[in-house]
Amino acid sequence: QVQLVESGGGLVQTGGSLRLSCVASGRTFSNLIMGWFRQAPGKEREFVAAINWGGISTRYMDSVRGRFTISRDNSKSTVYLQMDSLKPEDTAVYSCAARSDPAVTSAPGSYDYWGQGTQVVVSS
């Protein structure tokens with residue numbers, strides 16, 4: 001079992017930045033593929049970014065590529081999402097997720113463990 005706890009959400013103005021963190025416990029973190037997803041009110045959950053075990057391979061949704069950066073620190077069992085140039089359409093609950101299979105995938109159903117989420121609100 002893996003427990004995931006997110007932090008770092010909040011209210012920010014358009015063009016601002018936030019850094020989300022997700023701390024994992026319960027399994028060897030360096031063996032996990034980590035992903036970030038978001039869900040806005042009335043919308044489906046959508047993939048944001050994912051990173052492989054060693055942090056070398058990453059994947060992003062098109063609308064955040066170049067603005068968001070996913071990274072990980074295996075010594076701290078933590079994955080980060082640096083979000084820059086934020087837009088009102090980035091407003092959502094952001095959740096981190098983990099999977100043990102090695103593919104860096106964007107499909108929510110392929111992730112085994114989920115955090116509770118942290119709210120991000122971008123004001124216009």
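Scope of the values below: all heavy atoms of this structure, side chains included, with no hydrogens, waters or symmetry mates. When a residue number appears, it is its place in the shown sequence, counting from 1.
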Subject >> R72 versus N52, closest heavy-atom pair with distance >> reply: NH1-O, 2.7 Å
Original post:
What are the two closest heavy atoms between W114 and P108, and how far apart are they?
Top reply: CZ2-O, 3.4 Å
Original post:
Is any side-chain heavy atom of S100 less than 4.5 Å from a side-chain heavy atom of R27?
Top reply: yes
Subject >> Side chain to side chain, T14 and P88, heavy atoms closer than 4.5 Å >> reply: yes
**OP:** Find the distance between CZ (R38) and CZ (R45) and round it off to the nearest 0.5 Å.
**Re:** 13.5 Å
Original post:
Under 3.5 Å, side chain of E6 to main-chain N/O of Q116, donor-acceptor pair present?
Top reply: yes
Original post:
Under the 3.5 angstrom rule, does the side chain of N74 hit a backbone N or O of S30 as a donor-acceptor pair?
Top reply: no
Subject >> Sub-4.5 Å side-chain heavy-atom contact between L20 and V120 >> reply: yes
**OP:** Please round to the nearest 0.5 Å and tell me the distance separating atom OG of S63 and atom CD of E89.
**Re:** 8.0 Å
Original post:
Do V104 and W53 pass the side chain to side chain contact (heavy atoms under 4.5 Å, CB included) test, and can you show the C-alpha distance, the side-chain angles, and the key distance before you say yes or no?
Top reply: CA-CA 9 Å; V104 181; W53 299 328; over 6 Å; no
Original post:
If Ile, Leu, Val, Met, Phe, Trp and Tyr residues are connected whenever their side-chain heavy atoms lie under 4.5 Å apart, and connections chain through other members, are M34 and Y113 in the same group?
Top reply: yes
Original post:
Pick one: which of V5, T118, L4, L81 meets side chain to side chain contact (heavy atoms under 4.5 Å, CB included) with C22?
Top reply: L4
Original post:
Step by step, would you call F68 with M61 a side chain to side chain contact (heavy atoms under 4.5 Å, CB included)?
Top reply: CA-CA 10 Å; F68 291 10; M61 68 182 298; over 6 Å; no
Subject >> Cluster link I33 to F29, ILVMFWY, side chain under 4.5 Å >> reply: yes
**OP:** Scan side-chain atoms only and decide if R99 and Y111 contain a donor-acceptor pair under the 3.5 Å cut-off.
**Re:** no
Subject >> Cation over ring face, R65 and Y60, 6.0 Å, 45° >> reply: no
Subject >> Contact check, side chains of D101 and S110, non-hydrogen atoms, under 4.5 Å >> reply: no
**OP:** Compare every heavy atom of S85 with every heavy atom of S17, then report the nearest pair and how far apart it is.
**Re:** OG-N, 4.4 Å
**OP:** Could you tell me which non-hydrogen atom of Q1 sits nearest to which non-hydrogen atom of Q3, and how far apart they are?
**Re:** CG-NE2, 3.4 Å
Subject >> Heavy-atom pair with the smallest gap, counting every atom of T78 and S21 >> reply: CG2-CB, 4.2 Å
Subject >> Intermediate values then yes/no, side chain to side chain contact (heavy atoms under 4.5 Å, CB included), Q119 and T91 >> reply: CA-CA 8 Å; Q119 177 75 57; T91 294; 4.2 Å; yes
Original post:
Under 30°, 30 to 60°, or over 60°: which ring-plane class applies to F37 and F47, parallel, tilted or perpendicular?
Top reply: perpendicular
Original post:
Hey, which of D84, V48, I70 is the one that makes side chain to side chain contact (heavy atoms under 4.5 Å, CB included) with V64?
Top reply: V48
**OP:** List the atom of R59, the atom of S106, and the distance in Å for their closest heavy-atom pair.
**Re:** NH2-OG, 3.7 Å
**OP:** Could you walk me through whether M83 and V12 pass the side chain to side chain contact (heavy atoms under 4.5 Å, CB included) test, one step at a time?
**Re:** CA-CA 11 Å; M83 306 187 294; V12 64; over 6 Å; no
Original post:
Going only through I, L, V, M, F, W and Y residues with side-chain contacts under 4.5 Å, is there a path from V2 to Y80?
Top reply: no
